[in-house]
There are 2 protein chains.
Amino acid sequence: MTTARERPTLEAVARRAGVSRATVSRVVNGSTTVAEPIQEAVRRAVQELGYVPNLAARSLVTQRTDSIALVLPETATRVFSDDQFFPGIIRGVSQELEAADKQLVLMIAGSAASHARVERYATGRHVDGVMFASVHGADPLPATLVRSGIPVVCSGRPMGQVTVPVPYVDVDHIGGVAKAVRHLLETGRRRIATIAGPQDMIAGIDRLAGYRDELRDSGRRSLIAVGDFTRESGGLAMRQLLDDDPDLDAVFVASDLMAHGALRTLREAGRRVPEDVAVVGFDDIEMARYTDPPLTTVRQPIQEMGREMTRQLLRMAAGEDIGHAVVLPTELVLRESA
Amino acid sequence: MTTARERPTLEAVARRAGVSRATVSRVVNGSTTVAEPIQEAVRRAVQELGYVPNLAARSLVTQRTDSIALVLPETATRVFSDDQFFPGIIRGVSQELEAADKQLVLMIAGSAASHARVERYATGRHVDGVMFASVHGADPLPATLVRSGIPVVCSGRPMGQVTVPVPYVDVDHIGGVAKAVRHLLETGRRRIATIAGPQDMIAGIDRLAGYRDELRDSGRRSLIAVGDFTRESGGLAMRQLLDDDPDLDAVFVASDLMAHGALRTLREAGRRVPEDVAVVGFDDIEMARYTDPPLTTVRQPIQEMGREMTRQLLRMAAGEDIGHAVVLPTELVLRESA
DNA sequence: CTGAAAGCGCTAACAT
DNA sequence: ATGTTAGCGCTTTCAG
């Protein structure tokens with residue numbers, strides 16, 4: 001049933017059209033230097049035979065595949081969690097790749113084995129370049145690929161020692177936090193706490209650093225609890241902060257999901273938001289508009305990050321030398337919670 | 001910076017190890033017919049040179065790529081909606097592919113352009129086979145690929161005229177609905193309505209057919225409203241059913257998400273569940289356990305569908321002739337709502 | 001057990 | 001404007 005009947009080759013088409021392989025190749029690849037009647041004949045032969053170019057053969061000589069990998073270094077479960085980070089990146093990447101007529105191949109690589117397989121796949125030149133959507137801790141894969149000469153761009157500044165510089169695109173976490181904390185100060189808050197994210201991710205680290213910097217500059221003490229970006233951890237961290245200092249009147253939370261948990265804890269503790277305690281989140285996820293009260297938060301251009309990352313990669317794949325880091329601006333979105 | 005220094009070829013390794021290309025190839029591919037000391041020498045040369053096989057060259061001769069595509073014929077937004085269908089399929093597929101040491105490549109193909117690109121990619125033999133996670137309406141792509149001789153399996157019975165049979169794996173929608181409706185009848189319900197899914201998807205069609213069959217067999221009239229599998233449409237459809245027949249005492253809803261919407265409408269209409277109206281859903285999504293009351297629903301083995309689909313595909317890719325359809329059993333999960 | 005040689009199907013100089 | 005030719009890097013008979 002599925003016994004693929006012999007696939008016709010260029011040779012077959014050439015014979016049928018009464019021309020040479022080279023001419024068929026030219027027509028198939030849209031060269032204009034072929035006489036119209038011959039083009040016509042070739043196209044008919046292609047049609048009749050149902051010819052489709054063998055991409056492996058083409059890649060072998062062109063050294064290109066016209067496809068690009070986007071690696072999601074997470075388990076399927078996390079990729080499909082309600083955080084809209086991955087879809088945002090994918091949309092951005094797709095847009096740019098579509099425009100460049102390249103094929104996007106997604107690779108989920110949550111396990112060590114899949115990590116290894118991705119490495120083989122990429123170093124084997126199955127793709128012209130690799131992008132990483134979020135990088136975990138000090139994942140060595142991006143650097144490994146760079147070293148093997150494959151164009152690589154990460155979304156999110158990679159951590160770990162820089163044996164070889166890995167190009168990346170990130171958002172301005174620190175600037176965003178600065179705006180958030182400054183807003184709290186300017187609206188009269190005196191005792192500003194933070195719920196930080198996990199300290200093995202750059203987003204967690206940078207957002208905490210931004211908070212620390214800003215408070216130090218304004219001569220205030222910091223008050224910190226650490227969560228893991230989940231709603232539950234946000235609630236627990238808020239509880240802890242209230243215990244540590246019942247007089248706090250504001251909290252900057254490093255993710256909207258955690259902020260959601262914190263809002264609930266505050267309500268249970270009888271604090272009014274924003275009257276007693278102001279709350280600012282980070283991410284501007286859809287849900288931030290529907291919390292009670294709606295969440296003031298820092299917006300980051302996720303989709304734009306995907307696009308920018310792709311533009312960089314395409315430039316590299318085209319042999320251009322590119323700068324090694326791009327940082328996109330973040331903005332404070334004011335809503336009722338602060 | 002990214003100027004890939006010349007990649008070493010088999011030839012280079014062979015020279016360095018003082019053997020022939022053929023021998024290096026044997027070692028690299030794990031042939032056992034090579035003397036141990038030579039294997040050792042070759043491996044060292046590979047190591048020193050940082051040799052990685054060129055996959056395009058290999059594919060050209062072996063006619064295999066050892067990678068398989070899973071096409072998600074949806075926009076990124078829909079792929080990442082809160083329905084856990086796609087992650088389930090992906091997990092199942094990944095498990096089987098991992099075991100077979102094949103690379104999974106995901107392709108999101110929501111637009112016409114991406115559809116075309118996937119076709120080129122697959123017919124160009126960039127992958128050894130293609131799986132479809134859900135098929136829309138009468139999407140011609142699966143059949144097109146089958147016709148071009150590439151192994152294809154769909155999850156969900158494809159619709160449309162069968163010019164060429166496309167292998168598929170599906171769950172027993174009709175049997176599941178039958179169990180649900182029979183349960184309602186056996187617990188004394190007399191006037192059983194349904195909220196159907198969209199009639200351009202096989203899941204929508206089959207689940208409605210199952211309801212109709214079962215009611216006909218028991219000599220009762222059917223009462224139907226149609227939704228689109230979203231929560232909102234479920235609420236609206238329930239409203240409509242109550243208007244059509246205020247005396248209804250049970251409703252079979254073709255998806256849990258719609259059932260969630262229906263529960264809300266029922267509450268607003270002052271009906272108690274299950275006392276006044278029994279509700280049964282379909283899908284057994286996570287959320288079904290947390291509705292008020294928890295939802296009796298039909299469970300379908302999504303992940304198993306992914307696994308089975310993959311097994312089929314691998315068998316086909318290995319040249320075996322396989323049966324053309326597999327249907328997996330569904331089961332009724334009793335909770336408080338019915 | 002190892003090597004020589006013949007391609008896999010295509011593109012890209014180089015001729016004509 | 002078209003054809004001829006020489007590989008791209010690898011696997012795989014077939015001899016030895």
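Residue numbers begin at 1 in each chain, while the letters A, B, ... track the order of the sequences.
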For [X] and [Y], which I'm curious about, is there any donor-acceptor pair between the side chains at under 3.5 Å?
X: B:Arg7; Y: A:Ser148; value: no
X: A:Arg147; Y: A:Thr163; value: yes
X: B:Ser111; Y: A:Glu98; value: yes
X: A:Gln47; Y: A:Arg44; value: no

Heavy atoms under 4.0 Å, any strand shown: does A:Ile38 hit a base, just sugar-phosphate, or nothing?
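The answer is sugar-phosphate, as A:Ile38 gets under 4.0 Å only of primed atoms, P, OP1 or OP2.
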
What's B:Ala22 touching, base or sugar-phosphate or nothing? Going by heavy atoms closer than 4.0 Å.
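Base: the residue B:Ala22, judged by heavy atoms under 4.0 Å, touches a nucleobase.
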
Would you check if the side chain of A:Ser155 reaches a backbone N or O of A:Phe132 as a donor-acceptor pair within less than 3.5 Å?
yes

Short side-chain to backbone donor-acceptor contact, B:Asp128 and B:Ala317, under 3.5 Å:
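No.
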
Within this structure, what is the [atom1]-to-[atom2] distance between [X] and [N], rounded to whole angstrom?
X: A:Leu10; N: D:dT5; atom1: CG; atom2: C1'; value: 15 Å
X: B:Glu11; N: D:dT11; atom1: CD; atom2: C1'; value: 14 Å
X: B:Arg21; N: D:dT12; atom1: CZ; atom2: P; value: 14 Å
X: A:Gln39; N: D:dA1; atom1: CD; atom2: C1'; value: 11 Å

Less than 3.5 Å between a donor and an acceptor, one on the side chain of B:Arg7 and one on the base of D:dG9, is that the case here?
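No, no donor-acceptor pair under 3.5 Å.
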
Taking all non-hydrogen atoms of both residues, which atom of A:Phe86 and which atom of A:Ala133 are closest, and how far apart?
CE2-O, 3.5 Å

For A:Asn54 and A:Thr9, run side chain to side chain contact (heavy atoms under 4.5 Å, CB included): C-alpha distance rounded to whole Å, both residues' side-chain angles, the deciding distance at 0.1 Å, then the answer.
CA-CA 8 Å; A:Asn54 180 319; A:Thr9 69; over 6 Å; no

Just how large is the angle between the end axes of the helix from C:dC1-D:dG16 to C:dT16-D:dA1, five pairs per end, to 10 degrees?
40°

Ranking B:Thr23 and A:Ser25 by the position along DNA chain C of their nearest nucleotide, the one closer to 5' is B:Thr23

Hey, which sits more toward the 5' end of DNA chain C by its nearest nucleotide, B:Val34 or B:Gln63?
B:Val34

First and last nucleotide of DNA chain C touching chain B, 5' to 3', heavy-atom cut-off 4.0 Å?
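Listed 5' to 3', the contact boundaries are C:dC1 to C:dG9.
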
Measuring from the side chain of [X] (C-beta onward, heavy atoms only), which nucleotide among [options] has the closest atom?
X: B:Arg26; options: D:dC14, D:dG3, D:dC10; answer: D:dC14
X: B:Thr9; options: D:dC14, D:dT2, D:dC10; answer: D:dC10
X: B:Leu60; options: D:dG9, D:dC10, D:dC14; answer: D:dG9

B:Asn54 side-chain N/O to D:dC8 phosphate OP1/OP2 under 4.0 Å:
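It does not, given that no N or O in the side chain of B:Asn54 lies less than 4.0 Å from OP1 or OP2 of D:dC8.
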
A:Gln39 vs A:Arg43, side-chain hydrogen bond (donor to acceptor under 3.5 Å, both in side chains): CA-CA, chis, key distance, verdict
CA-CA 6 Å; A:Gln39 288 202 34; A:Arg43 267 194 284 272; 3.2 Å; yes

